[in-house]
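Chain A is the first sequence line, chain B the second, and so forth, proteins listed ahead of strands; every chain is numbered from 1.
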2 protein chains.
Amino acid sequence: MRLSRYFLPVLKETPAEAQIASHRLMLRAGMIKQASAGIYSWLPLGYKVLRNIERIVHEEQARAGHIAMLMPTLQSADLWRESGRYDAYGPEMLRIRDRHERDLLFGPTNEELITDIFRGHVSSYRELPLTLYHIQWKFRDEIRPRFGVMRGREFYMKDGYSFDLDREGALHAYNRHFVSYLRTFERMGLQAIPMQAESGPIGGDTTHEFLVLADTGESEVFYDAAVTDIRMGARDIAYDDRAACQAVVDEFTALYARTDDTHEDAVFEAEVPEDRRRRGRGIEVGQIFYFGTKYSDPMGASVTDPEGHRVPVHMGSHGIGVSRLVGALIEAFHDEAGITWPEGVTPFHCGIVNLRQGDAATDAACEGLYAALAAKGLEPLYDDTEERAGAKFATMDLIGLPWRITVGPRGLKAGKVELTSRRTGESEELSPESAADRIAQIYGV
Amino acid sequence: MRLSRYFLPVLKETPAEAQIASHRLMLRAGMIKQASAGIYSWLPLGYKVLRNIERIVHEEQARAGHIAMLMPTLQSADLWRESGRYDAYGPEMLRIRDRHERDLLFGPTNEELITDIFRGHVSSYRELPLTLYHIQWKFRDEIRPRFGVMRGREFYMKDGYSFDLDREGALHAYNRHFVSYLRTFERMGLQAIPMQAESGPIGGDTTHEFLVLADTGESEVFYDAAVTDIRMGARDIAYDDRAACQAVVDEFTALYARTDDTHEDAVFEAEVPEDRRRRGRGIEVGQIFYFGTKYSDPMGASVTDPEGHRVPVHMGSHGIGVSRLVGALIEAFHDEAGITWPEGVTPFHCGIVNLRQGDAATDAACEGLYAALAAKGLEPLYDDTEERAGAKFATMDLIGLPWRITVGPRGLKAGKVELTSRRTGESEELSPESAADRIAQIYGV
């Protein structure tokens, strides 16, 4: 993308309303613009990151054998009356009446709707196990929306629903999600620690939250410092292998890690050596639940088991906060100058800064680099504007592309451009061809 | 995808509520399920088609230089009061009040919101031309929703907004959209004929609708039969080339083609030889508008021109009905047995039918084919269930994958499988390797 043809409205001033780094940086980097309280438009740069996160979630869900579909944003109130949650949900549910005076709501979650789909189409254990998921906009009428997309009212979320014949099958589905979530977050460059949590209005007693450690997190967390050393890495776990999935879950949950809802001082002190006890804050980016027959019972979602009996299915639901992750990533990856995107989610693979726009040789070298990168399937952001170098660097630092290639007449005389890491600030001089090759190598293309 | 692990709830009976082929077939093929009146869940098969259409729209918009972003579903009523459309819009607008008694609405279109973003960030002609678009769920509270996703209440639409300094620039943006829409629909295998139309509540006097001819279309259309012979084909039009874009528009609009809103009998008879006069019905799948300063004037969206004067920007808006296209495609591509997807949008590249599930050699051949196709980047749907052959064929015909590979013990003895075209019904015997190569060749991978 050529910056002269892009829409990147960066702000010089720090917006007064933004209290935390991610909100401030998303506004300053031209990623979002507030449309109304807690409701945002995603400007082009922000939308690209959102799509990258969505793509990673889809890919990891597919890998786990989960099936993508899409439920609507608006739901009938009647389904929620069936489960008993219509009245229970309270004022955070946005209730709507249509022109025929029928009650609708803007879905905050989809247990009722997916259970309705299931009961309408599935009747035998032979069709199980089944996990359906979607990524859709949801609404929660927060009384005091804040922190930008981290606690907005309209938010984008992946929610998946697992259906199994029995508790054992459902717990495998739970473990499968556990493993896939670890992979998903690690691909984004994030460490999200699974912690024991409370289930809230979803229900059930088996649940883990995945939290990114950050001072601005909304949850207080207590954990064994050793838990931060565990990674999924590249281990090759087959999702059908129950024992292998269970082993991963066991390893990640062996050490103490709880949110304040479930924290117990006595257990913490008994289990964790004093020098490893940590108390901090975390941003919740995912949560998994096993809640058995909480919805299938009242809504009559049952299947015939191998003996011919009708039994209610065992369900779980499993969420990832897709739009919230954009904020969480920035909380985890920024410095004084701006955002420092990990390669997994960066909106552009690298920047190209032309130090003397209009100089024939410099322009030609930039165009050559641009074409070479595009030919490798990479997408650079080429700053081809008339801005002075300092402003171009400041914008690149602010929007946080992991790599910048700087092209100027002086370097070109020696056949060199400069490749700079946003994270470390380290630079290296090399030929334009080598710079393109290096970027391709970094992204594995 | 293995059918045994997929969620494809096909129906044997024809649902009574469905009046037209696309609605009937989408229900029968397990593509959608109604959630409430005019609101649908997209089951996995339907969702795949929707995503394919969305991807093609994104790719062609990017090619035309238009910039993707995303506006929220809910909008503030205040913006619509500024343009004067809040009261004008009538009962099709879904009006919502939040917990703080603020008026919101579920956006049916986004002229106001995009104009607000523009005026907040763009102030000079140097930043023009600019076209921003998004693909987002919208809502129109149809008094009598029907025809499934063709006339639903919650629908998925691409709407793009062009901003230019003057009328001439804006008309080029209009022409660029014209060309890109032709390419978009042709990539889906569809012929959508641009016709003179009325602008309705969007405003302006320059507008074309793109219509797919179909008996079930909601619009009556009048056209010169010769217009159906024109195609974009592979012509290489540069989107910056104003004359080249204009020439395409001139060619496609030279012949009479109008909806009943703009049709004039006298002109029709004067311009079209009697044997080429056609009267039929069409499904609207896209519409482009140039409306000048209708929104920029009242909302104060202006830029400084090269002489330093503040002038309101010239705008256009340009829509493609993404969810509606799924229905329109089926209206155009089906037969007695089911859907006949064009290759451009098919949910799976081909089907594999195992005629004797459980037979070691047949299973192995199917698995080999499945792996070979996947290795080429293709996605087959492998019917690995215990159903009898007749039922498997009926399901494949119903869901309409363009190609089916049938694998059975008898053919395998001669080293052959059967490759069948869904469109023509023609079959050919060839080796499994050749069948995989043929499919790859068809899809150009």
Flag if over 12 foreign heavy atoms under 6.0 Å of CZ, B/R81: yes

Other residues, nucleotides, ligands: >12 heavy atoms within 6.0 Å of B/R55 CZ: yes

Residue A/H58 versus chain B: region with a heavy atom under 4.5 Å: side chain

Part of A/Q136 lying under 4.5 Å from any heavy atom of chain B: side chain

Segment of B/L128 engaging chain A (4.5 angstrom heavy-atom cut-off): neither

Per-residue contact mode, A/I117 against chain B (heavy atom under 4.5 angstrom): both

Under 4.5 Å from any heavy atom of chain A - which part of B/A62: neither

Interatomic distance, A/H134 atom NE2 to B/W42 atom CH2 [nearest 0.5 angstrom]: 15.0 Å

Note, B/L70 side chain near A/Y156 side chain (heavy atom, < 4.5 Å): no

Any donor-acceptor pair under 3.5 Å from B/R99 side chain to A/D141 backbone: yes

Under 4.5 Å from any heavy atom of chain B - which part of A/R97: backbone

Ring geometry between A/F106 and B/F106 (parallel below 30°, tilted from 30 to 60°, perpendicular above 60°): parallel

Contacting moiety of B/L43, where chain A heavy atoms sit under 4.5 Å: both

Flag if over 12 foreign heavy atoms under 6.0 Å of CZ, B/R102: yes

Gap separating the CG atom of B/L79 from the OG atom of A/S36, nearest 0.5 angstrom: 8.0 Å

Audit row: B/L104, A/R153, side chain to side chain contact (heavy atoms under 4.5 Å, CB included) steps and yes/no: CA-CA 12 Å; B/L104 299 171; A/R153 296 199 292 168; 4.2 Å; yes

Spacing of CD1 belonging to A/I96 relative to CG belonging to B/L105, to within rounding of 0.5 Å: 11.0 Å

